[in-house]
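First up is the structure itself, then whatever we jot down about it.
In each ligand, atom 1 is the first atom listed, and ligand 1 is the first ligand listed.
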Amino acid sequence: MKKFTLPDLPYAYDALQPVIDKETMMFHHDKHHAAYVNNLNKALEGLDLQFDNIESILENLDQIPEDKRQAVINNGGGHYNHSLFWEAMKPGAPKSPVSEDLREGINADFGGLENFKQEFEAKGVAQFGSGWVWLVYQDDKLKVVSTKNQDSPIMDGAVPLLGNDVWEHAYYLKYQNRRADYLKAWWDVVNWDVVNKRFSHVRDHLPKID
Ligand code: MN3
């Protein structure tokens, strides 16, 4: 089984300030994400799987031996979710707009961008304990869902387009118990270019009608 590696952050640790502080980024990436990668490699050691990418592993958990499965969910989900998270943020991100296609989808499924943001923030606040809030594409629609711990929407057959980490380690140093403030401030660092691209990618792979 190949070894997974910790991806580099695509920007400096302090690049997302003031929304996310440098110390949080250092601990979050170098300690938390690194631990998920190490523990995923340990859990997969000695297994002979048909595939070696993290998406396929999370989509085919029934092929993981039962005594390793929860460790793969926790750490494989942790690795996948955080990899998406880093790349879906960027400094000065409000300059990257929502594409016309995605805006149409958001209008159709949420009644507008502001409504979508409100639902996303509300689900993020409502997630009890550790977890994530997501914009996903599933059954030909956009939806907001939350997942517990490091569970990933990909395990339920949904395509994650954008996720925010609502574990306390993601915001506590700067926001303490004010998760709602973190969720609201976070829009300023969302890299819509990445979300737009992921959305056009799922769209391209929909079955074509002759
Ligand atoms: Mn995290």
Quiz prompt | Heavy-atom side-chain contact between F85 and H28 under 4.5 Å | solution = yes

Quiz item: Within a reach of under 6.0 Å around OH of Y11, are more than 12 heavy atoms found that belong to other residues, nucleotides or ligands?
Solution: yes

Practice problem: Please confirm whether the backbone N or O of L173 pairs with a side-chain atom of Q176, one donor and one acceptor, at under 3.5 Å? | Solution: yes

Quiz prompt | Main-chain N/O of F4 paired to N41 side chain as donor or acceptor, under 3.5 Å | solution = yes

Quiz item: For the residue pair Q63 and L49, what are the closest heavy atoms and their distance?
Solution: O-CD2, 3.9 Å

Exercise. Evaluate the criterion side chain to side chain contact (heavy atoms under 4.5 Å, CB included) for residue pair V98 and F116; output intermediate values, then yes/no.
Key: CA-CA 12 Å; V98 178; F116 153 68; over 6 Å; no

Exercise. Anything protein N/O/S under 2.8 Å from the Mn ion (ligand 1)? Just list residue and atom, please.
Key: H28 NE2, H82 NE2, D165 OD2, H169 NE2

